[in-house]
2 protein chains.
Amino acid sequence: MSDAAPGTPATPPPSPWDRRRPARARLTPARTPLSRERVVEAAFTVLDRQGLDKLSMRQVAAELGVTVSALYAHVRSKDDLLELMYARLYEGAAIPEPDPERWREQLRDYARAGRKRLLSHRDMARISMGYAPFTAELLPHVEAFLGLLRTAGLPDRIAAEAGDLISTYIDGFVLGEGMWRERAARPDGEDAESPGPARPDWNGITAEMQDYFASLPADDFPHLRALAGLMVTDSADERFDIGLEIILRGLASYLPDTAADGPKTGGPGQD
Amino acid sequence: MSDAAPGTPATPPPSPWDRRRPARARLTPARTPLSRERVVEAAFTVLDRQGLDKLSMRQVAAELGVTVSALYAHVRSKDDLLELMYARLYEGAAIPEPDPERWREQLRDYARAGRKRLLSHRDMARISMGYAPFTAELLPHVEAFLGLLRTAGLPDRIAAEAGDLISTYIDGFVLGEGMWRERAARPDGEDAESPGPARPDWNGITAEMQDYFASLPADDFPHLRALAGLMVTDSADERFDIGLEIILRGLASYLPDTAADGPKTGGPGQD
DNA sequence: TGTTACGGTGAACAGCGTTCACCAGCTTCC
DNA sequence: GGAAGCTGGTGAACGCTGTTCACCGTAACA
């Protein structure tokens, strides 16, 4: 303790003429001794900056200024790390008490929150698709979600399947979103070092896709041409809600006609 | 076993006193000079035998008795190869003329066929999720699928989103199926060299999962316990149809009440 | 008979996940 | 005070991956 870490508020002047220290950059930095939490955090940093394909253990280690093997003291494998990241998404997320009168709104809110969670980190949907949510920390969420469906009055068989269906929908939708975003970010096949949130040159790809669809022979692809403007659109929020509404209406059809709100809102004639 | 070109009935006598030939074992076997089609075919063989994680270019090359670099003459990259495999699934698959009277059956048949296609090769759903079906060879299928939805009378906004929704559902469902199957095949984390089709010790995992769910504290997880027997089940066919029916009912709700078949079949009281 | 082009070889490169022998520094005990 | 042990890191290595490139044996063509 004589010369190394006196713990004083002023960081001890590292005596810059001392040749042996700066190369190794403080073996034990005395601050934040690399917990499992810090590894996960660094992994998120790398993920958001470089994407899942470039998320390697070596990159995470570099982000922490540490060797690769050091990570394995806190994480069993890369797969384990990804699962920890996946589980961490759901930390602090709460689900309201099921209210049978408002099951539709609650389900909608739940799905929207799920999508927003996946969007909060780059390529998160790809990670999410790889893991079943049946790990111990996530079971309460599954339980609450199924509770929403069951107290709404849905038959058990329907509720069980609806859970899978909605989860799959959320994952799949966000996965598709990410694919478009990625394809828009690097149209030629670049490295795409950009961070997660919205890109400036974002709607370049939608125009390009719509041009492509419009260029198809009109009598061979009438439907694709007609729907191109609706399939490839900038407003993913709206598209998400439409698909979700289809599912919710399907679920409502299994309930007795006590469905409080008008089941025909926004009926078929909106074209 | 497959290194000596067993194709022809009588291997042409290679004049055994010729010293220069047999060492290199027929550089050009004169049969099947390694076309792009053969590469894809070999990739399917490796995929079904070893799974996507073990599907490497070197394995494909070994399957063909050829060096890795030889593959790159017929395939741009591994990603290209996977996309070719994905596209090949849809070769020869036809979609019937849209019949507005039978749109539900047609959609159901389409979805079931799609699932069966993905099940025809191991880990195929994982590959499928990675690619948007907007490559040139697949556009006719997308077109026909959207035609089914549009001629049924669905509003364009709904039809456009339903295409994505159903495709996502198929992919996601089969992906989940594969995850369970894989987890059942190697409960300890083995290599799992088994081919795709049904495993003998298959329902070991479902019993195990149900035991696990049954072991949860009863007042913390009432819904999970109640639905465990329905969520983890052997009859995936039935589960697939239920989820699909939810979607179809949701779509039907956007049609005027001309819906021919009784929309309340198998109504809510089946619990 | 010489030339050209094809189609495959084999070595190499950079990167990956994971493991293992080692070791600096701190704690604890004799 | 000195020795032992533990903790948490290092750095090198293994075997694997996708991809590229210089090379060359064979075959067809002039």
Side-chain angles (χ1 to χ4, degrees), chain A residues 1-7 20-21 23-39 42-43 46-47 50-85 130 189 191, chain B residues 3 5 12 14-15 18-39 42-43 46-47 50-85 127 130 189 191:
Chain A
M1 91 176 21
S2 54
D3 76 309
R20 296 208 324 278
R21 280 266 247 12
R24 281 162 169 286
R26 303 297 298 113
L27 286 193
T28 55
R31 302 270 300 142
T32 57
L34 189 54
S35 67
R36 177 161 32 190
E37 204 56 32
R38 292 224 315 140
V39 173
V46 175
L47 178 70
Q50 312 194 230
L52 179 58
D53 294 327
K54 299 290 182 74
L55 172 61
S56 67
M57 299 298 276
R58 282 171 168 85
Q59 289 291 324
V60 175
E63 178 70 27
L64 290 163
V66 143
T67 25
V68 216
S69 44
L71 302 180
Y72 285 87
H74 304 91
V75 156
R76 262 192 304 275
S77 64
K78 184 185 180 180
D79 215 64
D80 186 34
L81 174 57
L82 290 179
E83 198 158 343
L84 287 173
M85 297 170 76
D191 260 5
Chain B
D3 75 306
S15 59
D18 186 342
R19 264 296 128 92
R20 296 211 324 281
R21 282 267 247 4
R24 283 168 166 284
R26 306 294 297 111
L27 284 193
T28 56
R31 302 271 300 143
T32 57
L34 190 54
S35 66
R36 198 209 312 240
E37 203 57 33
R38 292 224 315 139
V39 173
V46 175
L47 178 69
Q50 313 196 229
L52 179 59
D53 293 326
K54 299 289 184 73
L55 172 61
S56 66
M57 301 298 274
R58 280 170 170 86
Q59 289 290 323
V60 176
E63 179 71 24
L64 291 164
V66 143
T67 24
V68 218
S69 44
L71 302 181
Y72 286 87
H74 305 92
V75 155
R76 263 192 303 275
S77 64
K78 184 184 181 182
D79 215 62
D80 188 33
L81 174 56
L82 290 179
E83 199 158 344
L84 287 174
M85 298 171 75
I127 297 178
D191 263 3

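Letters go in sequence order (proteins before strands), and every chain restarts at 1.
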Trainee: B:Met57 has an atom CE; how far is it from atom C1' of C:dA12, in whole Å?
Mentor: 17 Å
Trainee: Can you tell me the distance, in whole Å, between the CZ atom of B:Arg38 and the P atom of C:dG7?
Mentor: 14 Å
Trainee: Side chains of B:Lys78 and B:Val60: closer than 4.5 Å at any heavy-atom pair?
Mentor: no
Trainee: On the side chain of A:Arg58, is there an atom forming a donor-acceptor pair with the base of C:dG15 - under 3.5 Å, no angle test?
Mentor: no
Trainee: Find the distance B:Asp53:CG to C:dC16:P and express it as a whole number of Å.
Mentor: 18 Å
Trainee: Please work out if A:Val66 contacts a base, only the sugar-phosphate, or nothing of the nucleic acid, heavy-atom cut-off 4.0 Å.
Mentor: sugar-phosphate
Trainee: Just the rounded figure in Å: distance from C1' of D:dG15 to NZ of B:Lys54.
Mentor: 12 Å
Trainee: If every non-hydrogen atom of B:Val46 is compared with every non-hydrogen atom of B:Glu63, which pair is closest and at what distance?
Mentor: CG2-CB, 3.9 Å
Trainee: Which whole-number value in Å describes the distance from A:Leu34 CG to D:dG9 P?
Mentor: 4 Å
Trainee: Evaluate A:Leu84 against A:Val39 for side chain to side chain contact (heavy atoms under 4.5 Å, CB included), listing each step before the verdict.
Mentor: CA-CA 10 Å; A:Leu84 287 173; A:Val39 173; over 6 Å; no
Trainee: Take the protein atom CG of B:Leu64 and the nucleotide atom C1' of C:dG7, then report the distance between them rounded to whole Å.
Mentor: 14 Å
Trainee: What is the separation between atom CG on A:Asp79 and atom P on C:dT18, rounded to the nearest whole Å?
Mentor: 8 Å
Trainee: Only pairs under 3.5 Å count here: list side-chain donor-acceptor contacts from residues 70-77 of chain B, not counting sequence neighbours, and write none if there are none.
Mentor:
from: B:His74; atom 1: NE2; to: B:Leu34; atom 2: O; distance (Å): 2.6
from: B:Ser77; atom 1: OG; to: B:Asp79; atom 2: N; distance (Å): 3.4
from: B:Ser77; atom 1: OG; to: B:Asp80; atom 2: N; distance (Å): 3.1

Trainee: Measure the spacing between CE of B:Met85 and CG of B:Leu52 and express it to the nearest 0.5 Å.
Mentor: 8.0 Å
Trainee: Flag the pair B:Leu81 / B:Leu55 as yes when at least one side-chain heavy-atom distance between them is below 4.5 Å, and no otherwise.
Mentor: no
Trainee: Of the residues in residues 70-78 of chain A, which ones touch DNA chain C at a heavy-atom distance under 4.0 Å?
Mentor: A:Tyr72, A:Ser77, A:Lys78
Trainee: What nitrogen or oxygen pairs link the protein and nucleotides 20-23 of chain C at under 3.5 Å?
Mentor:
none

